[in-house]
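These values consider heavy atoms only, across backbone and side chains, with no hydrogens, waters or symmetry-generated copies. Note on naming: letters A, B, ... go to the chains in the order of the sequence lines (proteins, then strands), and numbering restarts at 1 for each one.
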Number of protein chains: 2
Amino acid sequence: MCRTDYPVYLQLRDRLWDWIEAEQLSSQQRLPSERELSERFHTTRVTIRQALAQLEAEGLIFRSNRRGWFITPERLRYDPSRDVGFNRYVIEQGFRPRTETLFKQLTEVPPWLAETTGLAVGAPIYHVFRRRYVDERGLLVEHNYLNPARCPGLLGESTDLSIWQMLRDKYDLRPEHRDIEIYPLALKGQEAEALNVNQGTAGLYIQRLSHDQDGEFLELDREYWLHDALKIAVHIGNRH
Amino acid sequence: MCRTDYPVYLQLRDRLWDWIEAEQLSSQQRLPSERELSERFHTTRVTIRQALAQLEAEGLIFRSNRRGWFITPERLRYDPSRDVGFNRYVIEQGFRPRTETLFKQLTEVPPWLAETTGLAVGAPIYHVFRRRYVDERGLLVEHNYLNPARCPGLLGESTDLSIWQMLRDKYDLRPEHRDIEIYPLALKGQEAEALNVNQGTAGLYIQRLSHDQDGEFLELDREYWLHDALKIAVHIGNRH
DNA sequence: GCTCCAATCTGGTATAGACCAGATTATGGG
DNA sequence: CCCATAATCTGGTCTATACCAGATTGGAGC
């Protein structure tokens with residue numbers, strides 16, 4: 001269509017970007033439908049979808065299953081090395097947090113968990129599965145595995161707020177040592193469904209293994225974030 | 001093709017996964033061509049490409065521009081909070097590192113860098129752009145911005161090894177405070193070209209802003225990693 | 001005003017083909 | 001044997017079309 005040797009879908013990406021800027025579309029606002037865009041830019045739906053996927057990878061737009069394309073909100077800043085609850089740092093940044101507990105149960109330690117934590121296979125373990133929202137967009141799901149010996153009766157409490165705060169206030173437990181793992185992955189299966197995204201959507205995995213002041217296993221936390229939802233920010237050093 | 005209500009490309013993903021396991025394909029080995037796969041699995045190239053893209057997102061395979069699909073090597077473990085050089089921790093994990101300096105120059109602080117570092121716009125700054133390999137696969141490109149006042153003559157040295165080590169040994173500078181930012185992004189432009197991947201390939205961005213023991217700006221490091229290349233692993237706490 | 005259901009709109013999946021550009025391989029001449 | 005060139009193979013891009021399933025909307029009936 002144009003004379004440069006740039007592929008069409010990348011040209012469309014640029015034009016869509018400019019169009020979004022020009023229209024001043026703001027967070028969570030919906031784009032025109034793919035069919036409408038493909039007409040407007042004189043191309044096919046397949047090609048416009050390539051351009052949209054490009055902008056999605058860049059984090060400018062996101063899709064909501066069969067509802068349309070929307071402008072991605074600003075990334076949430078997150079410091080996994082601090083033990084500040086989700087609700088608190090979301091509010092601090094001017095957003096509205098919400099947490100849903102999808103299930104919580106007492107179960108038995110499976111082999112992979114035994115390997116990670118050093119617990120015995122088959123030992124009792126609390127398992128909490130939660131979904132967290134910011135401004136009514138589900139950004140992550142989270143599995144918490146807790147040692148029932150250290151926090152008996154925890155499942156009886158509400159888990160819609162901070163588990164850490166509960167551990168600190170009710171059980172006098174504080175994470176002293178922490179092993180953190182972070183890597184990009186594709187959201188699949190249970191996690192993709194719970195976040196209502198397509199299988200294979202880009203995500204970020206954050207795992208935190210915490211031991212308390214006595215060196216006992218305290219918690220394993222496995223978080224699955226949307227790739228465009230957060231920016232990890234950590235400060236290392238004595239004073240600020 | 002099958003009776004489940006699972007999409008074909010996800011079934012293909014599973015069958016490809018099984019096939020790769022069965023064939024015992026190992027790191028960096030090439031898959032059959034897309035045309036061959038689409039015949040073998042009785043589908044079209046478009047659909048097989050969807051399945052391949054799925055496995056790519058999951059990090060099992062990667063593509064090399066117009067050469068084919070290959071098995072992804074194991075992720076490199078990386079701790080951005082420590083000041084251990086790239087070459088050293090790659091070797092420690094049993095891989096072969098290599099670094100290419102794509103360019104190095106004395107330039108002037110642009111506005112965005114001034115904002116990040118607190119330096120004055122137009123002040124002199126060293127800029128080094130490098131590409132790093134593990135077992136001959138380019139995994140990341142890296143921009144280093146260094147304060148010439150603190151390390152005069154640095155550009156005269158070879159930058160194919162550890163810059164940190166040079167700062168420590170030759171200039172007696174050690175990073176005391178560090179602000180780290182990490183987030184997923186799409187590799188574009190210069191970074192995508194240098195890594196020889198398509199525009200929009202998933203990547204991970206790691207930025208490190210370092211100040212030395214005197215509180216002076218020391219270095220800004222901007223790393224662009226392939227999304228499947230690394231696993232960040234950090235330990236926080238007193239002793240191990 | 002409400003509920004329920006049908007029509008409609010959305011993105012998601014899939015087919016069948018075509019051509020291009022870069023990478024690799026085969027070939028032929030020196 | 002080496003080297004240059006041609007043929008071939010690879011993934012990358014693009015068109016045109018079709019149907020599906022879930023989400024939304026609009027209207028009929030209460």
Side-chain angles (χ1 to χ4, degrees), chain A residues 1-16 28-57 61-71 136 138 187-188 192-193 195-201, chain B residues 1-16 28-57 61-71 136 138 187-188 192-193 195-201:
Chain A
M1 150 193 328
C2 290
R3 46 227 63 81
T4 82
D5 54 354
Y6 223 49
V8 174
Y9 76 95
L10 287 178
Q11 297 177 34
L12 285 172
R13 184 220 86 107
D14 294 341
R15 292 171 63 192
L16 275 167
Q28 306 257 24
Q29 241 180 304
R30 194 175 152 270
L31 265 65
S33 76
E34 295 176 354
R35 288 168 174 84
E36 198 178 326
L37 288 171
S38 59
E39 275 188 29
R40 187 179 306 187
F41 290 100
H42 303 98
T43 183
T44 62
R45 237 186 99 206
V46 179
T47 305
I48 208 78
R49 275 171 68 82
Q50 273 185 284
L52 290 168
Q54 194 76 198
L55 291 172
E56 181 190 31
I61 61 178
F62 70 94
R63 55 181 108 186
S64 178
N65 214 316
R66 280 170 228 272
R67 294 204 311 125
W69 294 87
F70 301 83
I71 304 293
E136 293 310 309
L187 300 173
K188 306 190 304 172
E193 270 176 37
L195 288 171
N196 194 31
V197 296
N198 293 335
Q199 300 281 320
T201 298
Chain B
M1 148 195 329
C2 292
R3 46 225 64 78
T4 82
D5 55 353
Y6 222 50
V8 174
Y9 77 96
L10 287 178
Q11 297 176 34
L12 286 171
R13 184 220 87 108
D14 294 341
R15 292 171 64 192
L16 276 168
Q28 305 254 30
Q29 240 181 305
R30 194 175 152 270
L31 266 64
S33 77
E34 295 176 356
R35 287 167 233 268
E36 197 177 328
L37 288 172
S38 59
E39 275 187 32
R40 185 178 307 188
F41 291 100
H42 302 98
T43 182
T44 61
R45 234 185 103 206
V46 179
T47 304
I48 208 76
R49 274 171 68 83
Q50 274 186 282
L52 291 168
Q54 194 75 198
L55 290 172
E56 181 190 31
I61 61 178
F62 70 94
R63 55 181 105 187
S64 177
N65 213 319
R66 279 171 228 271
R67 294 204 310 125
W69 294 88
F70 300 84
I71 305 292
E136 293 310 310
L187 300 173
K188 307 188 304 172
E193 270 177 38
L195 289 170
N196 194 30
V197 295
N198 292 336
Q199 299 283 320
T201 298

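Neither OP1 nor OP2 of dT10(C) sits under 4.0 Å from any side-chain N or O of Arg45(A). Of the side-chain N and O atoms in Arg67(B), one or more sit less than 4.0 angstrom from OP1 or OP2 of dT24(C). The phosphate of dT15(C) (OP1 or OP2) has a side-chain N or O of Thr47(B) nearer than 4.0 angstrom.
Distance CD (Gln199(A)) to C1' (dA21(D)): 15 Å, rounded to an integer number of Å. Distance CZ (Phe70(A)) to C1' (dG11(C)): 11 Å, rounded to an integer number of Å. Spacing between atom CD of Glu36(B) and atom C1' of dC9(D) amounts to 12 Å, rounded to whole angstrom units. Spacing between atom CZ of Arg49(B) and atom P of dG17(C) amounts to 18 Å, rounded to whole angstrom units. Distance CD1 (Ile48(B)) to P (dT15(C)): 10 Å, rounded to an integer number of Å. Regarding His42(B), its NE2 atom lies at a distance of 17 Å from the P atom of dA14(C), rounded to whole Å. As a whole-Å value, the separation of Leu12(B) CG from dA14(C) C1' is 11 Å. Rounded to an integer number of Å, the gap from Glu39(A) CD to dC9(C) P is 13 Å.
In this structure the side chain of Arg63(B) reaches within 4.5 angstrom of the side chain of Asn198(B), judged on heavy atoms. Under the 4.5 Å side-chain criterion, counting only non-hydrogen atoms from C-beta, Thr43(B) is not in contact with Tyr9(B). A 4.5 Å side-chain heavy-atom check between Leu52(B) and Leu37(B) finds at least one atom pair inside the cut-off. Ile71(A) has its side chain within reach of Ile61(A): a pair of non-hydrogen atoms, C-beta onward, lies under 4.5 Å apart.
Of the residues near DNA chain C, Thr44(B) and Arg35(B), the one whose nearest nucleotide (by heavy atom distance) lies more toward the 5' end is Thr44(B). If you find the closest nucleotide of DNA chain D to Val46(B) and to Arg30(B), the one lying nearer the 5' end belongs to Arg30(B). If you find the closest nucleotide of DNA chain D to Glu34(B) and to Asn65(A), the one lying nearer the 5' end belongs to Glu34(B).
Nearest to the side chain of Arg66(B), among dG11(D), dG11(C), dA14(C), sits dG11(D). When distances are taken from the side chain of Arg63(B) to each of dG12(D), dT13(D), dG11(C), the shortest belongs to dG12(D).
Counting heavy atoms of neighbouring residues, nucleotides and ligands inside a 6.0 Å radius, atom CD of Gln28(B) exceeds 12 of them.
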